[in-house]
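Remarks on the structure that follows.
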Amino acid sequence: MDRAPTILVFDSGLGGLSVFREVARVRPDAHFIYAADDAAFPYGALADDTLVDRINRVVNRLIGEVRPDLVVIACNTASTLALPSLRAAHPTLPFIGTVPAIKPACIASRTKRVSVLATPGTVRRDYTAALVREFASGCDVALVPSDRLAGLAEAAIAGDPVDDCDIAAEIAPCFVNAGGRRTDTVVLACTHYPLILDRLTRLAPWPVTFIDPAPAIARRVTQLIGTAAPGTANEDPPPVRLVSTLRPMEATRISAIVGRPVASPQVLDPSGPPHGAS
């Protein structure tokens, strides 16, 4: 593109900030909107049909409001369920989804014992099973559903106290030692998880490689809309627009996480225009 693009990054909560950080590194010149549908968090608590309707309603409302050049769905659940209908509704708008990085994990694993740490919804979906069938040949893949880790990560990101024991209990089933082989690679199949990677690494029973999908998503962004013009990395980036559906995001904390200035948070009513935080 011959101008700075507008990029919408969407998630159910703050987890998509892990993807946002990588995309912002490759397109520091872009105008970013980070949108969190926190009114429906966690997405795994909703039935699939309800969730598809919800995601389409919120994302379509955002697209009409911000007119992005590209949309990143920074959520495994939203991507596996709603991307087909979103693409059908906006055939000329590029979308990038987030799916479990099973293929690169199986390629990287030396012991050929891989775990996929995900929300229960992602674990049970046929899409995930199809990825295992297609790309896990020769690997033992353990699908590990975590009921609480996304919420624990969301709380930790927000600055609330989260006990190490609670995180350790959620990740413990990922670590399998059987038949003389133990897990050496763990796929982080929820975008919340990389935001507490330092704690996951510290609490792991033994060292493993944690696979974060965000760098691959960032590479896909540059494939679709190109790289930033030379010199733009040294310029002051435009403020990130923050939009949520329940309560205003904490601007100072998010600015610290992403390393960019942010505008005053807004709250979006999917059936009406967004309004500034009070």
Side-chain angles (χ1 to χ4, degrees), residues 11-12 15-16 18-19 22 42-44 48 51-52 72-84 87 95-150 152-153 167-197 199-201 203-221 223-224:
D11 184 31
S12 61
S18 65
V19 173
E22 293 297 323
Y43 272 174
D48 286 0
L51 191 50
V52 170
V72 178
I73 304 297
C75 172
N76 285 267
T77 297
S79 297
T80 56
L81 283 177
L83 267 179
R87 284 173 169 148
F95 286 84
I96 300 174
T98 307
V99 297
I102 292 171
K103 179 179 180 179
C106 290
I107 292 173
S109 175
R110 293 185 176 183
T111 65
K112 298 305 176 185
R113 192 174 290 284
V114 171
S115 290
V116 179
L117 180 61
T119 63
T122 296
V123 165
R124 72 171 180 263
R125 291 210 164 81
D126 292 340
Y127 191 98
T128 303
L131 289 175
V132 173
R133 288 194 301 270
E134 185 172 359
F135 297 119
S137 178
C139 269
D140 290 313
V141 176
L143 298 177
V144 180
S146 172
D147 287 312
R148 300 182 61 209
L149 192 56
L152 293 171
I167 295 176
E170 293 300 303
I171 68 172
C174 292
F175 294 84
V176 180
N177 189 354
R181 295 180 296 123
R182 65 183 190 177
T183 304
D184 70 347
T185 307
V186 177
V187 176
L188 300 179
C190 172
T191 54
H192 280 77
Y193 303 163
L195 290 173
I196 56 168
L197 180 59
R199 297 182 71 172
L200 300 181
T201 301
L203 296 170
W206 59 76
V208 296
T209 298
F210 288 102
I211 302 292
D212 176 4
I217 293 170
R219 289 192 295 272
R220 182 60 177 156
V221 167
Q223 290 171 356
L224 289 176

Please name all residues satisfying side-chain hydrogen bond (donor to acceptor under 3.5 Å, both in side chains) with [X], sequence neighbours left out, ordered by chain then number.
{"X": "Tyr193", "value": "none"}
{"X": "Thr185", "value": "none"}
{"X": "Ser146", "value": "Glu170"}

Are any side-chain N or O atoms of Thr77 and backbone N or O atoms of Tyr43, one a donor and one an acceptor, separated by less than 3.5 Å? no

Is there a donor-acceptor pair closer than 3.5 Å between any side-chain N or O of Ser12 and the backbone N or O of Pro42? no

By side-chain contact (heavy atoms from CB on, under 4.5 Å), which residues pair with Pro194, not counting sequence neighbours? Ser18, Leu188, Asp212

Which atoms form the tightest heavy-atom contact between [X] and [Y], and what is the distance?
{"X": "Ala214", "Y": "Glu22", "result": "CB-CG, 3.4 Å"}
{"X": "Pro120", "Y": "Asp147", "result": "CG-OD1, 3.1 Å"}
{"X": "Trp206", "Y": "Thr183", "result": "NE1-O, 2.7 Å"}

Pairwise side chain to side chain donor-acceptor pair (under 3.5 Å) hits with a residue in residues 123-139, at least two apart: Asp48-Arg125

At what distance, to the nearest 0.5 angstrom, does CZ of Arg219 lie from CD1 of Ile217? 10.0 Å

Working note: Asp11 + His192, criterion side chain to side chain contact (heavy atoms under 4.5 Å, CB included); need CA distance, chi angles, decisive distance, verdict. CA-CA 10 Å; Asp11 184 31; His192 280 77; 3.6 Å; yes

Scan Leu81, Asn76, Leu83 and name whichever one has a side chain to side chain contact (heavy atoms under 4.5 Å, CB included) with Ser79. Leu83

Contacts table for residues 96-118: side-chain donor-acceptor under 3.5 angstrom, sequence neighbours left out:
| from | atom 1 | to | atom 2 | distance (Å) |
| --- | --- | --- | --- | --- |
| Thr98 | OG1 | Ile73 | O | 2.8 |
| Ser109 | OG | Lys112 | N | 2.9 |
| Ser109 | OG | Arg113 | N | 3.4 |
| Ser109 | OG | Asp184 | OD1 | 2.7 |
| Thr111 | OG1 | Arg113 | N | 3.4 |
| Thr111 | OG1 | Arg182 | O | 2.9 |
| Thr111 | OG1 | Asp184 | OD1 | 3.3 |
| Lys112 | NZ | Cys106 | O | 2.8 |
| Lys112 | NZ | Ser109 | O | 3.2 |
| Arg113 | NE | Arg181 | O | 3.2 |
| Arg113 | NH2 | Ala178 | O | 3.1 |
| Ser115 | OG | Cys174 | O | 2.5 |

